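Worksheet: the structure to be examined is printed underneath.
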Amino acid sequence: MYSLKIWELVFILIGSFLLLLPNESLSSPLSSSDPSSYTNFLEKRYAEHHEFYEYHEFHDSNEYHEKSYNIKITKGPYAPDGFKRDVYLVNGQFPGPPIECNKGDVLVINVENHLNEDTTIHSHGIFQRGTPWYDGVPGQTQGGIPPHKKFSYKFKVDQSGTYWYHSHSRAQYTEGLLGPLIVHDPNDPYLHEYDEEIIVILQDWYHTDSKTLLATFLSPESEGNEPDPDNGLINGKNSYNCSWAPDGSKCNSNAPLAKFKLVYGKRYRFRIINTSAFATFIFSIDDHPLDVIEVEGMITKRHTVHRLPINIAQRYSVIVKADKPKKKYWMRSEMESACFAAPATNLNPLIKAIVEYEGCDNKNPSSTAWSDDVENCVDLNAKDLKPYKPQKVPKVDRKIEITINFKPDENNVTLGYINNSTYKIDIKNPTLYKVFDGVKKFDVDQNAFILEKDGEVIDIILKNEDAGEHPFHLVCVVNN
Ligand SMILES: [Cu+2]
């Protein structure tokens with residue numbers, strides 16, 4: 001349950017139903033030979049609607065520190081776990097490079113789409129207050145960035161913590177179109193309690209391309225069961241038993257694991273991000289307790305765990321002390337395959353990486369896993385997590401109940417439903433454009449909730465009627 005302060009009229013909620021979006025063509029909303037015209041078109045539309053928005057003019061660099069990143073999106077062959085297939089690359093890297101800034105900065109992400117299909121970049125967890133059009137959700141806040149066009153996202157970051165950026169077009173992120181987004185806070189209360197930072201990206205990994213998987217999933221034959229992953233990765237690496245690979249595939253069973261180097265005596269802030277399509281993991285480092293200090297941008301009181309469950313799109317910061325004998329240890333990311341509807345075959349659910357102390361010998365790790373019991377398929381108990389600074393819960397003006405379930409439609413294809421309505425993407429006329437055009441009533445299949453009063457405090461009550469866990473996230477808040 002979340003309490004949200006929302007200034008004005010309309011806000012839109014979308015769950016993590018990326019895999020359930022109809023596989024509609026995301027054809028370009030504009031065709032033009034000028035690569036910048038698409039960005040200009042949106043800028044112009046936003047500028048026309050100044051009266052609705054506290055439109056941020058970021059051009060005065062004295063007022064804001066601007067941090068710019070250029071990201072070039074391509075597709076090419078790569079073998080993260082030794083199995084070669086086509087993946088999405090960000091600046092030629094898999095997963096994408098980190099984007100980092102300080103709290104209060106204006107972040108500029110210049111995207112060059114070198115694909116033969118549309119894409120968008122969503123900054124996951126960033127509130128986009130005053131700049132909802134830069135949320136990067138096709139059909140909600142923009143059309144897709146057409147092939148071979150550029151688009152710039154520009155927004156002020158008034159929050160801190162561990163986030164990630166990813167494509168919000170179809171299932172591109174499940175094939176590598178993602179990277180970490182880290183917002184540093186010069187006033188972080190834990191700043192002096194660690195020496196260095198390490199980013200850990202966890203993800204499930206499929207050897208079949210997502211268009212094929214999505215087509216199978218959105219057919220009656222799947223009966224709504226999600227495809228099981230073939231593997232999992234830590235920072236884009238793992239090995240794979242190639243005897244499981246189909247005949248004729250290019251596969252090397254000796255792909256290297258990810259390595260993390262520690263210096264004895266130092267304290268590390270590990271920022272752990274689960275960028276999976278489907279899998280929950282239990283994260284641990286043998287012999288090294290994890291002190292949770294941040295949950296998705298919220299600084300918490302220290303809470304020590306040995307095994308950390310992390311669901312899709314969740315992020316945690318943990319402090320780890322390098323105070324154990326100088327050798328190598330296993331980092332473990334245990335895929336919770338017990339939560340899958342259909343049992344996974346040919347899957348090694350234990351994904352490993354190597355944590356090694358500087359100056360240790362070359363022997364492989366011989367460490368043993370923590371034996372603490374962690375309940376399967378259940379999130380970390382929220383009661384154990386206390387905000388660093390206690391916060392007062394505001395008085396609630398209105399409650400919105402959202403019931404989530406999954407059921408077959410008239411074609412016997414299982415879809416996700418919010419209050420019995422399945423969302424239908426309108427890629428050519430995104431919700432935000434409709435708001436610009438003065439639309440006040442939305443079709444039922446838009447799952448829009450209209451708030452009438454300025455400054456309303458809303459309780460959103462999520463009721464999950466499905467057997468599986470479903471993390472939710474607030475994509476954007478639109479004020480009209
Ligand atoms: Cu996201």
Side-chain angles (χ1 to χ4, degrees), residues 78-84 93-95 97-98 162 180 182 190 192-205 230-245 251-275 281-293 302 304-310 316-335 347-374:
Y78 191 64
D81 57 351
F83 182 96
K84 204 179 224 174
Q93 295 178 49
F94 175 99
T162 308
I182 310 297
Y190 286 106
H192 302 290
E193 297 183 35
Y194 60 90
D195 304 293
E196 278 177 42
E197 295 192 10
I198 293 176
I199 299 170
V200 182
I201 300 175
L202 311 177
Q203 70 196 112
D204 51 18
W205 190 239
D230 296 294
N231 209 349
L233 308 173
I234 297 179
N235 283 4
K237 290 191 163 79
N238 194 7
S239 55
Y240 184 67
N241 177 353
C242 288
S243 71
W244 292 338
C251 190
N252 163 19
S253 289
N254 298 312
L257 302 181
K259 267 189 190 159
F260 299 88
K261 294 208 164 136
L262 304 187
V263 172
Y264 183 85
K266 281 197 177 179
R267 302 154 304 170
Y268 294 86
R269 176 180 189 160
F270 281 81
R271 295 180 182 266
I272 308 148
I273 310 168
N274 181 359
T275 67
F281 293 103
I282 298 175
F283 176 86
S284 63
I285 305 173
D286 294 354
D287 298 350
H288 292 74
L290 313 170
D291 278 10
V292 176
I293 58 156
R302 269 187 201 250
T304 308
V305 296
H306 294 154
R307 295 173 75 219
L308 177 73
I310 180 164
Y316 287 100
S317 279
V318 299
I319 291 181
V320 173
K321 267 196 215 152
D323 59 356
K324 298 291 177 296
K326 285 190 199 174
K327 38 178 214 173
K328 291 184 188 173
Y329 298 85
W330 290 121
M331 175 187 281
R332 296 169 198 265
S333 179
E334 301 163 67
M335 195 185 284
L347 167 71
N348 175 4
L350 175 59
I351 296 95
K352 291 201 273 193
I354 296 169
V355 172
E356 64 175 54
Y357 280 68
E358 194 184 71
C360 75
D361 60 30
N362 217 11
K363 272 190 252 148
N364 257 338
S366 57
S367 57
T368 46
W370 291 101
S371 58
D372 312 50
D373 259 351
V374 172

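In this text, all values refer to a predicted model and were calculated from it rather than measured experimentally. These numbers come from the heavy atoms of this one structure, side chains and all, not from hydrogens, waters or symmetry mates.
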Should we count [atom1] of [X] as having more than 12 external heavy atoms under 6.0 Å?
X    : atom1 : result
E358 : CD    : no
K84  : NZ    : no
K328 : NZ    : yes

Restricting to non-hydrogen atoms, name the atom on [X] and the atom on [Y] that form the minimum distance, rounded to 0.1 Å.
X    : Y    : result
Y264 : K326 : CB-CE, 3.7 Å
T162 : I182 : CG2-CD1, 4.0 Å
Y194 : R269 : OH-NH1, 3.1 Å
A369 : D286 : CA-OD1, 3.4 Å
I310 : I272 : CD1-O, 3.6 Å

- Side chains of K352 and N238: is there a donor and an acceptor less than 3.5 Å apart?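 The criterion, which ignores hydrogens and geometry beyond distance, is not satisfied for N238 and K352.
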Does the [X] side chain pair with the main chain of [Y], one donor and one acceptor, at a distance under 3.5 Å?
X    : Y    : value
T275 : L202 : yes
R307 : D372 : yes
N252 : G82  : no
D323 : G265 : no

Could you tell me whether the side chain of [Y] reaches within less than 4.5 Å of the side chain of [X], counting heavy atoms only?
X    : Y    : result
N235 : F260 : yes
V200 : M331 : yes
L257 : W330 : yes

- Task: May I ask you to decide if the ring planes of H288 and Y329 are parallel, tilted or perpendicular, using 30° and 60° as cut-offs?
- Result: perpendicular
- Message: Assess whether a salt bridge exists between D291 and R302, defined as any Lys/Arg side-chain N lying under 4.0 Å from an Asp/Glu carboxylate O.
- Response: yes
- Item | Candidate list Y78, Y240, F94, test ring-ring contact (aromatic ring centres under 6.0 Å, His included), partner W205, passing option |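 With W205 as partner, ring-ring contact (aromatic ring centres under 6.0 Å, His included) holds for just one option, F94.
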